[in-house]
Amino acid sequence: MTTTRRRAGKSKDIFEEDGKTFFEFTDRTTAFDGIKKDEFPHKGEVCCRLSAYWFEILEKEGIPTHFRAFVPPNIMEVEPLEIIPIEVIWRNFVAGSILKRHERGESLTVEIEPRLGARIPGGMIEFTTKFEEKDRPIDEQEILDNGWLTPDELDYIRECTRLTNDIMSGRLLERGIILADFKIEFGRDRNAAERILLADEVGTPDGCRFWDLDSYKQGVIESLDKDVYRYEKGDLSDVYLRIQRRICG
Ligand code: TMP
Ligand code: ASP
């Protein structure tokens, strides 16, 4: 049996064993393009469990994903892909970088009410670069000009992202959780480049903003995600274990 391992990202390792590809979700945590760095117990396990949970649901709903199998507690077998070098962000509510960009007077694709927690009617999609030192917002024309996607593929990704939002938002609401925004990534099947799959991780507190619905109704934003680490609002391990229990037991 041969195992080759490399550090795939800031929080995950990737390894190959017996011709199969695996993601190991680690406890490494970073924020603000790696400016903050720490490790928190249970973090890898929570993100792996939640990703496996959502990938299975999304597959059943007709979204092809790279998920193959969950190997508890923190490993996932995946289909090896060529990653498309963009991050896709869906926003239902105003938070994070969009508010900062608005405050700096940058142009946005959708007009927003510039207030943390304001709803964005109909939601909105945004794109950033992936492999640059800092993730940079890019528009659809730049994605096409760079040849990263064809117009049809861009439509497909928009549709998949909207559907992913609908599926996750609905299920979360039933559990008293608001999905304020999230980031997802896509890749191409190595043997059939035209086949685009949902990649990386999905529906985790690393890649989503989750807000407690009851608190929101009382005018308070209670973060159940990595914002507790970004803005030092609580213990990441506690919050991650709590959100995992609320979503998938
Ligand atoms: P943002 O408001 O900082 O642009 O983040 C939007 C959403 O995307 C939020 O749920 C966090 C997630 N995200 C990532 O998963 N990785 C990243 O590198 C960034 C910048 C955001
Ligand atoms: N994931 C990014 C980082 O590691 C940004 C963030 O989530 O704040 O820096």
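Just follow the structure's listing: the first ligand is 1, and inside any ligand the first atom is 1. Here the structure is a predicted model, which means the values were calculated and not measured. FYI, the numbering just counts along the sequence from 1.
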Option nearest atom 16 (N) of ligand 1 (shortest heavy-atom distance, choices Lys183, Lys100, Lys130): Lys183

Which ligand 1 atoms, with their elements, are less than 4.0 angstrom from a heavy-atom of [X]?
X	answer
Cys208	10 (O)
Gly207	10 (O), 12 (C), 15 (O)
Asp206	15 (O)
Ala95	2 (O)
Gly96	2 (O)

Note: [X]-[Y] ion pair, threshold 4.0 Å (strictly below):
X	Y	answer
Lys20	Glu79	no
Lys183	Glu126	no
Glu222	Arg242	yes
Asp38	Arg28	no
Lys12	Glu201	yes

Would you check the N or O atoms of Asp181, main chain and side chain alike, for any that come under 3.5 Å of an N or O of ligand 1? yes

Would you check the N or O atoms of Arg230, main chain and side chain alike, for any that come under 3.5 Å of an N or O of ligand 1? no

Please determine which of Asp227, Val239, Ile247 meets the side chain to side chain contact (heavy atoms under 4.5 Å, CB included) test together with Phe210. Ile247

At less than 4.0 angstrom from any atom of ligand 2, which residues have a non-hydrogen atom? List them by chain and residue number. Lys10, Thr30, Ala31, Phe32, Asp33, Gly34, Lys226, Arg230

Looking just at side-chain N and O atoms, do [X] and [Y] make a donor-acceptor pair shorter than 3.5 Å?
X	Y	answer
Arg230	Thr30	no
Tyr240	Asp206	yes
Asn92	Asp181	no

Ring centroids only, cut at 6.0 angstrom: are Phe23 and His66 within range, meaning strictly under it? yes

Can we call the ring centroids of Tyr229 and Phe40 under 6.0 Å apart? yes

Structural part of Ser97 in contact with ligand 1, heavy atom criterion under 4.0 angstrom: both

Tell me which part of Ala180 gets within contact of ligand 1: side chain, backbone, both or neither, using heavy atoms under 4.0 Å. neither

Hey, does Arg91 sit under 4.0 Å from ligand 1 if you only count heavy atoms? yes

Under 4.0 Å, counting heavy atoms only: does Glu87 come that close to any atom of ligand 1? yes

Write out the residue and atom name of the closest protein heavy atom to atom 20 (C) of ligand 1, then the distance separating them to 0.1 Å. Asp135 OD2, 4.1 Å

Closest approach of any protein heavy atom to atom 5 (O) of ligand 1, naming residue and atom: Arg209 NH1, 3.6 Å

In terms of relative ring orientation, are Phe93 and Tyr216 parallel, tilted or perpendicular, with 30° and 60° separating the classes? perpendicular

Could you check whether the rings of Phe67 and Phe55 sit parallel, tilted or perpendicular, using 30° and 60° as the cut-offs? parallel

